[in-house]
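By convention in this document, chain letters (A, B, ...) are assigned in the order of the sequence lines, proteins followed by strands, and residues within each chain are numbered from 1.
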2 protein chains.
Amino acid sequence: MKSSATGCSVEEAMRLLGGRWRLLIVSYLLDGPKRFSELRRDIPAISQRMLTLDLRAMEEAGFVKRTVFPTVPATVEYELTADGARLVPVVEVMPTFGLWLKERDARREPTSP
Amino acid sequence: MKSSATGCSVEEAMRLLGGRWRLLIVSYLLDGPKRFSELRRDIPAISQRMLTLDLRAMEEAGFVKRTVFPTVPATVEYELTADGARLVPVVEVMPTFGLWLKERDARREPTSP
DNA sequence: CTGCATCCTTTGGGATACTG
DNA sequence: CAGTATCCCAAAGGATGCAG
């Protein structure tokens, strides 16, 4: 039993990060604090609803800090917390794999099956 | 723009690995070839249906090789391919994070909310 | 600008029963 | 043993409209 011992921790991790957007959001927060609208521009494909939900979930999980500036209209900044920094290894390994995957698939299906 | 450039690769990766079980399955295949029934024992919570579906998907993705031995009753072995080995960094980072997460949450909610 | 509420569609996944 | 097929439910996620 090498990796086997770590079994359900993988489930734990995937339950928290398994969504379609969370790791992506985190990857953009690596740059430093970002406003809601900045994140929307960074990730055009996400709906505003999901961005809100995921940010809220990660805030509750303690990975993201939300700061509201009482301007008008409202301004809100999101940033990674110290706990959120624990996600860095995870968000780094994903694009590495993802890029390799895209290249490989480009080689696999040059024209059509 | 540091990490921003890698954007949609994260989506690619999550689309392939985002399910609840795939990374877990891979983590058990790290030990070497495994039979279908072995995997079921390793991951009691998975339904036989999902194990089949996920294995099939990863086979099609080229990460897993399926070998049928014409015994009776049938014997089938699954093992990681060379491409599947690319998943190793991913499946390693997950339990690391997952374990830390469980410990932290144990500290967070020692008794009850 | 930020975000909540509602409605709706799609997907993931479990249970069960049946087959080579 | 290793599947396949069906049915069904819950969760994820998109679209839109309203509000502080």
Residue-phosphate contact under 4.0 Å: [X] side-chain N/O, [N] OP1/OP2:
{"X": "A/R66", "N": "C/dT2", "result": "no"}
{"X": "B/T52", "N": "D/dA2", "result": "no"}
{"X": "B/S37", "N": "D/dA2", "result": "yes"}

So, under a plain 3.5 Å distance rule, would you say the side chain of A/Q48 forms a donor-acceptor pair with the base of C/dC4?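 Yes, the side chain and the base share a sub-3.5 Å donor-acceptor pair.
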Checking only heavy atoms, does the side chain of A/R49 share a donor-acceptor pair with the base of D/dG13 at less than 3.5 Å?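 Per atom types, the contact qualifies.
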Test side chain to side chain contact (heavy atoms under 4.5 Å, CB included) applied to B/M94 and B/L23, B/L17, B/L24, B/L99, the passing residue: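 When side chain to side chain contact (heavy atoms under 4.5 Å, CB included) is applied between B/M94 and each of B/L23, B/L17, B/L24, B/L99, only B/L23 qualifies.
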In whole angstrom, give the distance that lies between atom [atom1] of [X] and atom [atom2] of [N].
{"X": "A/L39", "N": "C/dG3", "atom1": "CG", "atom2": "C1'", "value": "14 Å"}
{"X": "A/M50", "N": "C/dT2", "atom1": "CE", "atom2": "P", "value": "18 Å"}
{"X": "A/L53", "N": "C/dA5", "atom1": "CG", "atom2": "P", "value": "10 Å"}
{"X": "B/I25", "N": "D/dA2", "atom1": "CD1", "atom2": "P", "value": "14 Å"}
{"X": "A/D54", "N": "C/dT2", "atom1": "CG", "atom2": "C1'", "value": "16 Å"}
{"X": "A/R20", "N": "C/dT9", "atom1": "CZ", "atom2": "C1'", "value": "14 Å"}
{"X": "A/E11", "N": "C/dG13", "atom1": "CD", "atom2": "C1'", "value": "13 Å"}
{"X": "B/L51", "N": "D/dG3", "atom1": "CG", "atom2": "C1'", "value": "10 Å"}

On DNA chain D, nearest-nucleotide positions of A/G18 versus B/E77: which is more 5'?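 Looking at the nearest nucleotide for each, B/E77 comes out on the 5' side.
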As a test of reading the structure: which of [options] is closest to the side chain of [X], going by heavy atoms?
{"X": "B/S47", "options": "C/dG14, C/dC1, D/dA2", "answer": "C/dG14"}
{"X": "A/V76", "options": "D/dG13, D/dC1, C/dT2", "answer": "C/dT2"}
{"X": "A/Y78", "options": "C/dC1, D/dG14, C/dG3", "answer": "C/dG3"}
{"X": "A/W21", "options": "D/dG13, D/dA2, C/dT2", "answer": "D/dG13"}
{"X": "A/R56", "options": "C/dG3, D/dA2, D/dG13", "answer": "C/dG3"}

Check every strand shown and say whether A/R22 touches a base, only sugar-phosphate, or nothing at a heavy-atom separation below 4.0 Å.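 No contact.
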For residues B/L80 and B/V64, determine if any side-chain heavy atom of one lies less than 4.5 Å from a side-chain heavy atom of the other.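 A side-chain contact exists here, since the closest heavy-atom pair is under 4.5 Å.
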Heavy-atom pair of closest approach, residues A/V10 and B/P95: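 So the minimum-distance heavy-atom pair works out to CG2-CD, 3.9 Å.
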Closest contact, heavy atoms only, B/P33 versus B/E77: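 That would be CB-OE1, 3.5 Å.
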With hydrophobic residues grouped by side-chain heavy-atom distances under 4.5 Å, do B/F69 and B/L29 end up in a single group?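 In one cluster with B/F69: B/L29, no.
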If each of B/A45 and B/A74 is mapped to the nucleotide of DNA chain C with the nearest heavy atom, which maps nearer the 5' terminus, i.e. the 5' end?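 The residue whose closest nucleotide sits nearer the 5' end is B/A45.
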Checking salt bridge (Lys or Arg N to Asp or Glu O under 4.0 Å) between B/D83 and each of A/R108, A/R104, A/R107, which is the one that passes?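 Running salt bridge (Lys or Arg N to Asp or Glu O under 4.0 Å) over A/R108, A/R104, A/R107 with B/D83 returns exactly one hit, A/R104.
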